[in-house]
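Computed from a predicted model, the values in this text were never measured in an experiment.
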Amino acid sequence: MNTHRKILIVDDEEKLRTMLSDHLVNAGYTICEAGSCASAKEMMQRVRPDAVILDVMLPDGDGFSLFSDLRLICPDAPVLFLSARDEDSAKLTGLGLGADDYITKPFLLKELELRIAAVIRRVYGDDMQKTVSHFGTTTVNWGSAEVQRNDGSQTTLTLKEFSLLKKLYENKGNIVTIDALCSALWDGDLFGYENTLMVHVRKLREKIEEDPSHPQYILTARGLGYKMSKEVQ
Amino acid sequence: MNRLGSVLKHICMLLFSVLISIAICLVAFFILSYTNWSETSGKMNSATNVLSELESNGNGYSLSENGQKMLSEMNEFAFVLDENGKVIWAYDKPEDVKDKFTASEIAVFSKWFLGNYPVTVRVCGENDGDLLVVGSRRTDLGKYNLTYSVKGLYELRYIIPGLAGCVFVIIFLLSGLSERRERRERDRARACWIDGISHDIRTPLALVMGYAEEWQDDSSLSGEQAKQAHQMVIACNRVKSLISDLNLTMRLDYKMQPLKKDKFVLSAMLRETIAELVNSGEATDVEPDIPQECNRILVRADRRLMQRAVTNLIINAARYKSSGPVRVRMSEKNNRCFVYVENKMDRISEEELTNLNRNTKTRFSGDGTAMHGTGLQLVRQIAKAHGGKLVFTGDDTDGCHLIAALSFRK
């Protein structure tokens, strides 16, 4: 899922670059690194990355200025600022310039990975279509929205069920609030949709889970929302 | 100690103002006295000098050459009146000056002016029966006569307190301005320092946090090691929160953080906050108790700051609870919203509650170490910025519960 993409990491802290690089390589990305503005520009020209993780403070300039130069070289590549400056003004400057996201150090690697995935998905579209996921013995084909069960039966997910499953899958292992789910499904506030959401979840469980009354993959976080189990492949 | 110091400082300023005022009054008094004395003494000296050069020869008077020279240099004139007020001798007397004066005229000019001429009068002649009058043609010469009343000097006692008050106010304002400038400089230096330290800590902390996170998910490590790595992640998150709290407290303190108020659904924000805390492992057992009807409550507040306040309350509750989950509730009343964060405790004494509700930056235990850091202080600041407050109460109805109630204007 988009993880074949090339990511350029620009940070003057070599150890941090190595850590990020190791983690993202494990996640399936191809990584190139730069420790200064000059090498970042040279790398952009040569490698043409699909996304950039950019530190704000660099030895030979600041990330905000570099951002404008990088935009000229690769106008479509999304940029995610990674900075030790957490002031609102710095964030607003970064996002105001047109950056796709801003993460403050220190950060959780998983969060960074999820946010990069989200940014890449937003820019390059979703290539989930090519993959399938396994919920135990049940298989979901993201391209056709078909669910293949162990007993040979086959059903198709409705649009809302598909969106619901996708949102939970993207945040696998984490609670997704009912508000975030409603926002993903109806692009609005929760009010008025709570019961409808519950109905969609129930129907989705009936299609995915072996025993919908004792779900193993789509779990309820009481009073908060739902969570997809990490076991999903 | 600081308050006592401030009182003493103001008492000293007041005393200093009184002393300054007394000094001003006395100096003014003596300057006036001196001016009066010197103004007249010049003339007096001139008249006295002329008198010493004036000779009485039985039939009249004559002035020595030295005396004449003196008068010419000073552009002055002189004449002598007999006991009937008639001019019996004169030197360079202007034409517009009469040759005979009445007693009342003499009484008037002896103190003030003769026509437009400032004059000084001395007694002369045998048996001091005549009057020497020395006049000046200079129009720029002032002449006045002040009579000081001793009683008037005593009147200063009414002026001095008023003047002291004015001086005190001036000194107070000046010292306030100066203190404000110093404080601003100090605050700026502190802000820069905290900002710099925070920045320098963030990158190494990112490294520790990142590797700890990798280890906690590393299947090749033992369960115990993974648990330790998880603890490291939690500790890093705490340090991260502390750094952010420090910066935010400082910005709110120094009015560097403008409120960005937006309308949002409070219950959604509470669920999001709890989910983030549970997802990151900072708090595991948190139970929201938000009825469905609360989902329609809209508030107008700085969402990010409110989220921070609730995060701090939940983390605080999770850290100090004895058992059971942390419960999060909400309600609204009279255009105000209330967020309650509740946790079970073994016991809560009145003293502990008082300490928690004391609105101080940091509470210290007996040995001087800080008991609560910036977390709760930040919640108070955020509540205050939204026209609200933070109140801790105890509830003994079903075990011992500590309830933090954060209220703010809708």
### Query
Who wins among B:Asn247, B:Val239, B:Asp217 for the most heavy-atom pairs under 4.5 Å with chain A?
B:Asp217
### Task
Check each atom of B:Asp289 against the heavy atoms of chain A and say whether the ones under 4.5 Å are side chain, backbone, both or neither.
neither
#### Entry: Proximity breakdown for B:Leu207 and chain A, heavy-atom pairs closer than 4.5 Å
both
### Message
Just checking B:Arg409: does its CZ atom have more than 12 heavy atoms from other residues, nucleotides or ligands closer to it than 6.0 angstrom?
### Response
no
#### Entry: Least distance between heavy atoms, A:Pro106 atom then B:Met209 atom
CB-SD, 3.6 Å
### Query
Quick one: what part of B:Glu276 sits under 4.5 Å from any heavy atom of chain A, side chain, backbone, both or neither?
neither
### Query
Any chance NZ of A:Lys203 has more than 12 other-residue heavy atoms, nucleotides or ligands included, within less than 6.0 Å?
no
## Note on the structure
Nearest heavy-atom approach of B:Val233 to A:Leu108 is CG1-CD2, 3.8 Å
### Query
What heavy-atom pair brings A:Glu194 and B:Gln292 nearest, and what distance separates the two atoms?
OE2-CG, 3.4 Å
### Query
In Å, rounded to the nearest 0.5 Å, how long is the span from OH of B:Tyr211 to OG1 of A:Thr18?
6.0 Å
### Message
If you count heavy atoms of other groups shown closer than 6.0 angstrom to CE of B:Met345, is the number above 12?
### Response
yes
### Query
How many angstroms lie between atom CG of B:Asn295 and atom CD1 of A:Ile178, to the nearest 0.5 angstrom?
6.0 Å
### Task
Measure the OG1-CZ distance between A:Thr104 and B:Arg202 for me, rounded to the nearest 0.5 Å.
6.5 Å
### Query
Shortest non-hydrogen contact from A:Ile175 to B:Asn279?
N-OD1, 2.7 Å
#### Entry: Test log, rule side-chain contact (heavy atoms from CB on, under 4.5 Å), inputs A:Thr177 and B:Met269
CA-CA 10 Å; A:Thr177 63; B:Met269 184 275 276; over 6 Å; no
### Query
Non-hydrogen atoms of chain B under 4.5 Å away: do they reach the side chain of A:Lys227, the backbone, both or neither?
neither
### Message
At a 4.5 Å cut-off on heavy atoms, which part of A:Asp12 comes close to chain B: side chain, backbone, both, or neither?
### Response
neither
### Query
What are the two closest heavy atoms between B:Glu213 and A:Lys110, and how far apart are they?
OE2-N, 2.9 Å
#### Entry: Intermediate values then yes/no, side-chain contact (heavy atoms from CB on, under 4.5 Å), B:Leu205 and A:Lys105
CA-CA 8 Å; B:Leu205 191 62; A:Lys105 292 175 187 171; over 6 Å; no
## Note on the structure
Nearest heavy-atom contact between B:Gly210 and A:Met19 is CA-SD, 3.5 Å
### Query
Does any non-hydrogen side-chain atom of A:Met57 lie less than 4.5 Å from one of B:His199?
yes
